[in-house]
2 protein chains.
Amino acid sequence: MIYSSELIKGTLKTIVLQQLKQNGKMYGYEITQKVKELSKERISITEGALYPTLHALEAEGLVQTETEFIGKRIRKYYRLTPSGENKVLEKVNELAEFMNTMKFILDIKPV
Amino acid sequence: MIYSSELIKGTLKTIVLQQLKQNGKMYGYEITQKVKELSKERISITEGALYPTLHALEAEGLVQTETEFIGKRIRKYYRLTPSGENKVLEKVNELAEFMNTMKFILDIKPV
DNA sequence: TCTTATACATAATGTTCTTATGTATCTTTG
DNA sequence: CAAAGATACATAAGAACATTATGTATAAGA
């Protein structure tokens, strides 16, 4: 079952930042594949969503980039800046608390 | 701490439907107050978000309304239709699974 | 050689929220 | 008793963020 896209809304930045935290440096396409794999095909990050998000994170100073050439093909790596390191902790904590609140409100039993 | 609004995105319909399931019938303002109370002030549903959502749920046939007068003031009660009863189960299950997937991806430890 | 995968990016569009505004009644407080 | 705040509905303009479509280009596999 693929999660309906509206659920991803609001969590995309957090997912991206946490992936960068866990893996040091990653390029865009790699992030989409990693998230697809981790979610067992249930979360697909579209390119139209990912790239603007990465550019926004860079503009906010939360990530920095380095460009590499693999043969002739460009590859743009992203990694967290120090302020990105702080931000990811905040974002993940907030989401964790939000999910607990939602479980309470929706009366969802632990598995 | 108030949850940043982007987290609510995509979960509002589910929250509203589940409230109606738990409480039988409710009016709009009552839903905002109940959710505020349950979330310990951390989730505020704005009227600009709530009323269009309720109207959309009605247009989709998931809820039906009955209007009451309290003195001279109107009060519009919403309750689930049979198809709304099915939908709320779907939506809550999907959200529960999504949250489990997110916990896994974000490496969030159980409390 | 053709298709699929890799890899970036942007633009038009759609959805859904926030913020602002509007109307009106009821209750509390100085 | 007048003003302020709470109750209760609703809509419109604007912002935010995603989808879908499109574009460019290289690499790998059938």
Side-chain angles (χ1 to χ4, degrees), chain A residues 2-17 19 25-37 39 41-60 62-63 65-78 91 95 98, chain B residues 2-17 19 25-37 41-60 62-63 65-78 91 95 98 102:
Chain A
I2 295 167
Y3 298 124
S4 67
S5 54
E6 70 254 29
L7 290 176
I8 284 71
K9 292 190 192 194
T11 61
L12 183 55
K13 274 190 185 178
T14 307
I15 291 174
V16 169
L17 290 172
Q19 282 306 303
K25 71 174 185 179
M26 296 179 90
Y27 54 99
Y29 187 77
E30 185 184 9
I31 295 173
T32 65
Q33 298 308 303
K34 188 74 182 175
V35 171
K36 188 185 283 186
E37 178 204 327
S39 70
E41 315 286 314
R42 283 173 293 190
I43 297 178
S44 284
I45 302 178
T46 60
E47 294 171 291
L50 179 67
Y51 291 116
T53 295
L54 286 170
H55 300 162
L57 291 173
E58 193 178 9
E60 291 172 57
L62 301 175
V63 301
T65 63
E66 4 172 343
T67 301
E68 273 185 27
F69 279 88
I70 308 299
K72 285 182 182 174
R73 194 153 58 190
I74 206 170
R75 188 178 278 178
K76 206 164 153 187
Y77 279 99
Y78 291 83
K91 290 285 243 177
L95 184 53
F98 177 72
Chain B
I2 295 169
Y3 297 124
S4 67
S5 54
E6 69 253 31
L7 290 177
I8 283 74
K9 293 192 190 192
T11 62
L12 183 54
K13 275 191 184 177
T14 307
I15 292 173
V16 169
L17 289 173
Q19 281 307 303
K25 71 174 187 180
M26 297 178 90
Y27 54 99
Y29 187 76
E30 186 184 10
I31 295 173
T32 65
Q33 298 308 304
K34 188 74 183 178
V35 171
K36 189 185 283 186
E37 178 205 328
E41 315 286 314
R42 283 173 293 189
I43 298 178
S44 284
I45 302 178
T46 60
E47 295 170 291
L50 179 67
Y51 291 115
T53 295
L54 286 170
H55 301 162
L57 291 173
E58 193 179 9
E60 291 173 56
L62 301 176
V63 302
T65 62
E66 5 172 341
T67 300
E68 273 184 26
F69 279 89
I70 308 298
K72 283 184 184 173
R73 193 153 59 189
I74 206 172
R75 187 176 280 178
K76 206 163 151 188
Y77 278 99
Y78 291 82
K91 291 285 244 176
L95 185 52
F98 177 72
M102 285 298 290

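All values below come from the heavy atoms of this structure, side chains included, with hydrogens, waters and symmetry mates left out. So that the names make sense, note that chain A is the first sequence line, chain B the second, and so on, each numbered from 1.
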Asks: If you measure from CD1 on I8(A) to OG1 on T14(A), what distance do you get to the nearest 0.5 Å?
Replies: 12.5 Å

Asks: Check nucleotides 11-14 of chain D for protein N or O atoms closer than 3.5 Å to its own N or O atoms and list the pairs.
Replies:
unit_1	atom_1	unit_2	atom_2	d
dT11(D)	OP2	H55(B)	ND1	3.4

Asks: Can you measure I45(B) atom CD1 to dT19(C) atom C1' for me and round it to whole angstrom units?
Replies: 17 Å

Asks: dT7(D) C1' sits how many Å from M26(B) CE, rounded?
Replies: 15 Å

Asks: Enter the distance from L50(B):CG to T46(B):OG1 here, rounded to the nearest 0.5 Å.
Replies: 8.0 Å

Asks: If you compare every side-chain N and O of Y29(B) against the phosphate oxygens of dC9(D) (OP1, OP2), does one of them come in below 4.0 Å?
Replies: no

Asks: Give the minimum heavy-atom separation between E47(A) and P52(A), together with the two atoms involved.
Replies: O-CD, 3.8 Å

Asks: Between K13(B) (NZ) and dC17(C) (C1'), how many Å, whole number?
Replies: 13 Å

Asks: Within this structure, what is the CD1-to-P distance between I43(A) and dA18(D), rounded to whole angstrom?
Replies: 13 Å

Asks: L50(B) CG to dA20(C) P: how many Å, rounded?
Replies: 19 Å

Asks: Looking at the side chain of L12(A), which of dT6(C), dA18(D), dA10(D) is the nearest nucleotide?
Replies: dA18(D)

Asks: Only one of E68(A), E66(A), R75(A) passes side chain to side chain contact (heavy atoms under 4.5 Å, CB included) with Y27(A); say which it is.
Replies: R75(A)

Asks: Given that Y77(A) and K9(A) both sit by DNA chain C, which one's nearest nucleotide is further toward the 5' end?
Replies: Y77(A)

Asks: Taking all heavy atoms of I45(B) and all of T32(B), pick out the closest pair and write down the distance.
Replies: O-CG2, 3.6 Å

Asks: For residues Q19(B) and V35(B), report the shortest heavy-atom separation together with the two atoms involved.
Replies: CG-CG2, 4.1 Å

Asks: To the nearest Å, how far apart are Y3(A) OH and dA18(D) C1'?
Replies: 19 Å

Asks: Taking only heavy atoms on the protein side, list every residue of residues 66-76 of chain B lying under 4.0 Å from any atom of DNA chain C, sorted numerically.
Replies: G71(B), K72(B), R73(B)

Asks: Indicate whether OP1 or OP2 belonging to dC17(C) is found under 4.0 Å from a side-chain N or O atom of T53(B).
Replies: yes

Asks: Considering non-hydrogen atoms only, spot the tightest contact between K25(A) and E30(A) and give its length.
Replies: O-OE1, 4.2 Å

Asks: Using modelled atom types and a 3.5 Å cut-off, is there a donor and acceptor pairing between side-chain atoms of R73(A) and backbone atoms of I70(A)?
Replies: no

Asks: Whole angstroms only, please: what is the CD-P distance between E30(A) and dT6(C)?
Replies: 12 Å

Asks: Quick one: label I8(B) by what it contacts on the DNA or RNA (base, sugar-phosphate, nothing), any heavy atom closer than 4.0 Å.
Replies: nothing

Asks: Nearest whole Å is fine: how far is dT16(C) C1' from I15(B) CD1?
Replies: 14 Å

Asks: Show your working on side-chain contact (heavy atoms from CB on, under 4.5 Å) between M26(A) and V16(A) and close with a plain yes or no.
Replies: CA-CA 10 Å; M26(A) 296 179 90; V16(A) 169; over 6 Å; no

